[in-house]
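To keep things clear, I will list the structure first and then write my remarks on it.
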Amino acid sequence: MANEVQAIELEGLTKDFSLAERGKYLRAVDHLTLSIRENSVYGLLGPNGSGKSTTIRMLLGLSKPSAGSASIFGLSPDSREARSRIGYLPDAPYYHSFLSGRELMRFFGTLLGIKKRLLEERIVELLVRFGLEDAMDRKVGTYSKGMLQRLGFAQALVGDPDILILDEPTAGVDPVGAAEVGEFVVSLKKQGKTVLLCSHLLTQVQDLCDHVGILNRGRLLAHGKIEDLLGDGDDSALELDGLDERERQEVVSFARERGGRVRPGRNDLEDLFRRLVREDSNQEEGE
Amino acid sequence: MRLFLLLLVTGVVSLAGGLYFQEFNLGSGELRFIADFGFGAMTLFGSIVAVVATVQLIFGEIEHRTVLPILAKPVSRGEFLLGKLIGAWGTVCCFVGMLALALILALWIRESQIIARSGSEIASEDSINYLGVLLFAAMQCMRLMVLACITAFFSSYASSSMFAVFMGFFAWIIGQLRGVLVEQWNQGEASLFSVSGFLSLIVPDLRLFDLGAAAFGASSFDGGQVVGLVLYAGVYATLYGCLAALVLKNREF
Ligand SMILES: Nc1ncnc2c1ncn2[C@@H]1O[C@H](COP(=O)(O)OP(=O)(O)OP(=O)(O)O)[C@@H](O)[C@H]1O
Ligand SMILES: [Mg+2]
């Protein structure tokens, strides 16, 4: 277990942004420690402004950690090799609007040092796969938001990376597209890739991820397998199964007699997420 | 790109305009006038193109966030900067080259007209040395390389394109005035000497590159001077290029 290759490892990763006021800091990421196994799908979940994108930027060497470290296959994010093994889908799709989709892909492929022949084949294959067949010779500036997002996927995959870092992959994508993103993540995992996924759309993420981490105000509130999180997250929650209506009523009235509270519905990831974030925020106010 | 075309058109039109207004006869001195006019256009528009293209290529990339997917690829910031600088400088060189061709063409037309009219050769001190024009253009390219590198330095630091463009033009003006300023300082008090010495060291003298005189008459140009200027440009371009790379390396995205 200890010797297992970790695709991504964060250790005490911290990021402070200095504010306009002198000596004041905004701690966007707070001692984040986690590791992501190779060939797994990790979901980093958190509300807006919780530090997901900041974490990712540090993982890519776009931003320097204030403290702690990040590593990719044991390599520093600044190393060329580490970055050649990562595909990155940025949170906001901004690409050179004066290039066509195909030219843009060619440009990125050249940056990765892919041989020309292979590159041309791969470009067409990827653009077709992401439904940009008809648009590939049009200027990127004329693409719709969802098309840009698809182009982002194609661009992330052009170097055939081992790790994919997807920052809000479903932003701006229609429900059909979002379902496709899900299938796509599953297929990546089948190919042996590692996926780090950031999102706040929990229901979409729930079925995809092997592990999740829940982030709020830069701190990791909970992490692990979804089943485990939901299982021991709330000891007092019981799920009733295999009883008929009358028997269930008996259980409920029994619980009520003893002063217990019975809530309808199942505890899912979304509940857990809301509860953790709420508790964390209350705690903040208490301090 | 559109701006580039606009400037090119401006340059060509002003040259043509210069030709047109020269219809009243100034004699052979007018060749000198056209040449000076052309050199001025090259310097002025070349500097504008150098500053704007560099800011657009470097800061524009940061501003439009298109830099993120590029730097997430195995590309170092230094390589990114170098690529951009080569792109900007290439644009500038093309632009200056086109202006130089237009100027040579204008001069040639005018020269043959004058010769045809007067039927005699032009006095040697007023004749045009076309190689000199090319040399002037080449030295402008060197000068604009320095200017592009200084602008790149400000672009990597800037948080708005206004700032970057402004500082680029500022550097241009200071660089042009440097010769005069240094003279004035040196006449002043000695206590200023260290500051002025430092400043005159970090600010390149952009006027050194104006070799307009070489284009007239039978003047031969000094090979040593040209090599010296190229080295001078190389040193300052490298200095500011490295500074820009350093600033960019520490920039957060
Ligand atoms: N360059 C920056 N300068 C100052 N503060 C920043 C900067 N980038 C991010 N922040 C702050 O860091 C915090 C975390 O931002 P981040 O973009 O990581 O959030 P996020 O989890 O990705 O949110 P979202 O779901 O909205 O994308 C925010 O409070 C944000 O204001
Ligand atoms: Mg984000």
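Throughout, protein chains are lettered first and strands after them, A, B, ... in sequence-line order, and every chain is numbered starting at 1. Side chains are part of it too, since the values below use all heavy atoms of this structure and drop only hydrogens, waters and symmetry mates.
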Is B:Arg251 close to chain A through its backbone or its side chain, or both, or neither, when contacts mean heavy atoms under 4.5 Å? backbone

Looking at A:Lys64, I'd like to know if its NZ atom is crowded, meaning that more than 12 non-hydrogen atoms belonging to other residues, nucleotides or ligands lie closer than 6.0 Å. yes

For the interface with chain B, which of A:Phe108, A:Tyr88, A:Phe98 has the highest count of heavy-atom pairs at distances below 4.5 Å? A:Phe108

Taking side chain as everything from C-beta outward and backbone as N, CA, C, O, which of these in A:Arg57 sits under 4.5 Å from a heavy atom of chain B? Side chain, backbone, both or neither. side chain

Go through B:Phe59 and B:Phe163 one step at a time and tell me if the ring pair (Phe, Tyr, Trp, His ring centres under 6.0 Å) criterion holds. CA-CA 10 Å; B:Phe59 186 73; B:Phe163 172 81; 8.9 Å; no

Aromatic contact, B:Phe166 with B:Phe154 (centres under 6.0 Å): no

Between B:Phe153 and B:Tyr157, does the ring centre distance come in under 6.0 Å? no

